[in-house]
There are 2 protein chains.
Amino acid sequence: MKSKEKKQAATGSERLRIKDKIFQSLRADIISQHLKPGQTVREDELAQKYGISRTPIREMLRRLEQEDLVKIVPNVGVYVSELTPRDIEEVLDLRICLESAAARSAASKITEEQMEQLREIGRQLDVAIEKQDSIISFEADTRLHDLIMVAAGNARARRLLNNLLGQIHRIRFISGHKPGRMNTTIAEHKEIIAALSDHDPDRAEQAMHIHLVKTKELLLPQSDLDAKFESFVRSSFSL
Amino acid sequence: MKSKEKKQAATGSERLRIKDKIFQSLRADIISQHLKPGQTVREDELAQKYGISRTPIREMLRRLEQEDLVKIVPNVGVYVSELTPRDIEEVLDLRICLESAAARSAASKITEEQMEQLREIGRQLDVAIEKQDSIISFEADTRLHDLIMVAAGNARARRLLNNLLGQIHRIRFISGHKPGRMNTTIAEHKEIIAALSDHDPDRAEQAMHIHLVKTKELLLPQSDLDAKFESFVRSSFSL
DNA sequence: GTATAAGGTAATTTATGCAATCTTATCTAA
DNA sequence: TTAGATAAGATTGCATAAATTACCTTATAC
């Protein structure tokens, strides 16, 4: 009896981690294209796969829907979201909009401690160039962008962007790795760091904007764009 | 038999509406301050109040959490979100960021049909001024901003903003009505319409930005702001 | 007298069974 | 042969019950 109670307590304390782990696993499967767009996702199936009941699975699926990773049709089923060129452009435009504003804000608000972290990231970028290691570059990239969102001081904006990031990573998986982009990306990042170091809002916003627009153009083939319309965000600066 | 099927179909189609209605009711109670910030919200209580089980209530609460209207502490409970001056500023800054970009985008993309709807809204604004009717002004305001989001062509941005709108309305309830603001608001709206009519992205963005910054300053007493830091969004244009 | 631990209570979280709904396939009639 | 209706199959949606967790109270030991 006592051993049983102990076991229950153990599973109980680990359950939260397990639940979160399952969610991350599901999310990763969609981002990594392991679950293909349009594919049906059944509650029952996932419940069996992960050995839990349908109730928490349902909850996870709602969260994934909120991130636009799945589409839920009432009384019918759940599907992995499609990612049309239009969808991709919407996500990337939103990113440009949010992160450009964040860079502007961060330029004024960033603390010396955060600035030191940024410089450390800058040194990692040097290492990435030296070793031509895209993994290091990618990780530094991720920390750079998140650190700027933190420095910008708008927690809601950061949460929104983190939601978008799931889809952005998914887009990366679709587009595949573009070799040769790393070095130019790093140069853009260093310009962003320099602008923040100078606490220059205009320059920081512009640097981030240019960087993200270039990233967008790389991820979204120009042929897919509707060229006759201006994008959601400005395509050039006139500061 | 046939009548039974008919009845089932009827209740089925009404069920969704009822569930949606309960959600809207809950949401309205929070926005209207009928449920006070910090107040505990129990699943059991709501389930009894609305005569449904806790499962759909849970689902609604998760949706409300996603809109930041409630805060869920795992294994503890659900609370109505607080709205500190910082929270208010975050929400309003996000709005400025999204809607300014939308106005820019809409200036290029807006169709003649949408432009005609805008002009109709403009005429409603004239009526509002003539009758000094803030209700008409508010309704025209709502349609104006949403129409611009539609014209901007970014469905995700529109959804995000609609989520923010719940909190923005809540902020309005807290701040109370400011008489005398209506006429200047309308003037700003007409400038936005004029800029869109000219298909001038810079002017449209600037007009929207100025309008929303003024709205923010009205809703958020300057004494609450941290004056030494630049906001998430630029506070002035230099076009 | 205070602090700590154990037990009880009230809430969420999970699991499971049942009902409602949608889709699809088959059968019949025109 | 095709169109429409009906029935069967599958899946979600809802409700209730069991389990777990967190908090609060109380009692005991130092």
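These figures come from a predicted structure and were not determined experimentally. In what follows, chains carry the letters A, B, and so on, assigned in the order in which the sequence lines appear, proteins first and then strands, with residues in each chain numbered from 1.
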Apply side-chain hydrogen bond (donor to acceptor under 3.5 Å, both in side chains) to [X] and list each qualifying residue two or more places apart in sequence or on a separate chain.
X	result
Thr215(B)	Arg181(B)
Arg172(A)	none
Thr84(A)	Asp87(A)

Can you check the [X] [atom1] to [N] [atom2] distance for me, whole Å?
X	N	atom1	atom2	result
Glu45(B)	dA11(C)	CD	P	9 Å
Asn75(B)	dA19(D)	CG	P	17 Å
Glu43(B)	dT20(D)	CD	C1'	14 Å
Tyr79(A)	dT11(D)	OH	C1'	10 Å
Gln48(A)	dT14(C)	CD	P	19 Å
Leu46(A)	dT12(D)	CG	P	9 Å
Arg42(B)	dA22(D)	CZ	C1'	16 Å
Asp44(B)	dT16(D)	CG	P	11 Å

- Apply salt bridge (charged side-chain N to carboxylate O under 4.0 Å, His left out) to Arg143(A) and list each qualifying residue two or more places apart in sequence or on a separate chain.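 If we apply the salt bridge (charged side-chain N to carboxylate O under 4.0 Å, His left out) test to Arg143(A), skipping adjacent residues, there are no hits.
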- Item | Listed partners of Glu116(B) passing salt bridge (charged side-chain N to carboxylate O under 4.0 Å, His left out), at least two apart |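 Checked Glu116(B) against salt bridge (charged side-chain N to carboxylate O under 4.0 Å, His left out); matches are Arg119(B), Arg123(B).
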- Message: Can you confirm whether Arg63(B) is buried at CZ, in the sense that more than 12 heavy atoms of other residues, nucleotides or ligands lie under 6.0 Å from that atom?
- Response: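 Incorrect, the count does not exceed 12.
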When you compare the protein's N or O atoms with those of nucleotides 5-7 of chain C, which come within less than 3.5 Å of each other, and at what distance?
none

Pairs under 3.5 angstrom only: tabulate donor-acceptor contacts from the side chains of residues 144-151 of chain B to other protein residues two or more places apart or in another chain.
residue	atom	partner	partner atom	Å
His145(B)	ND1	Glu99(B)	OE1	2.6
His145(B)	NE2	Asp141(B)	OD1	3.4
His145(B)	NE2	His189(B)	NE2	3.3
His145(B)	NE2	His211(B)	NE2	3.4
Asp146(B)	OD1	Arg158(B)	NE	2.9
Asp146(B)	OD1	Arg158(B)	NH2	3.4
Asp146(B)	OD2	Arg158(B)	NH2	2.9

- Quick one: which residue pairs count as a side-chain hydrogen bond (donor to acceptor under 3.5 Å, both in side chains) with a foot in residues 39-48 of chain A, not counting sequence neighbours?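 Those involving residues 39-48 of chain A are Arg42(A)-Glu45(A), Glu43(A)-Arg54(A), Glu43(A)-Arg58(A).
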- Distance in Å, Leu35(A) CG paired with Leu64(A) CG, rounded so as to fall on 0.5 Å steps: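 Going from the CG atom of Leu35(A) to the CG atom of Leu64(A) covers 10.0 Å.
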- Task: Taking only heavy atoms on the protein side, list every residue of residues 51-66 of chain A lying under 4.0 Å from any atom of DNA chain D, sorted numerically.
- Result: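 Close to the strand are Arg54(A), Arg58(A), Arg62(A).
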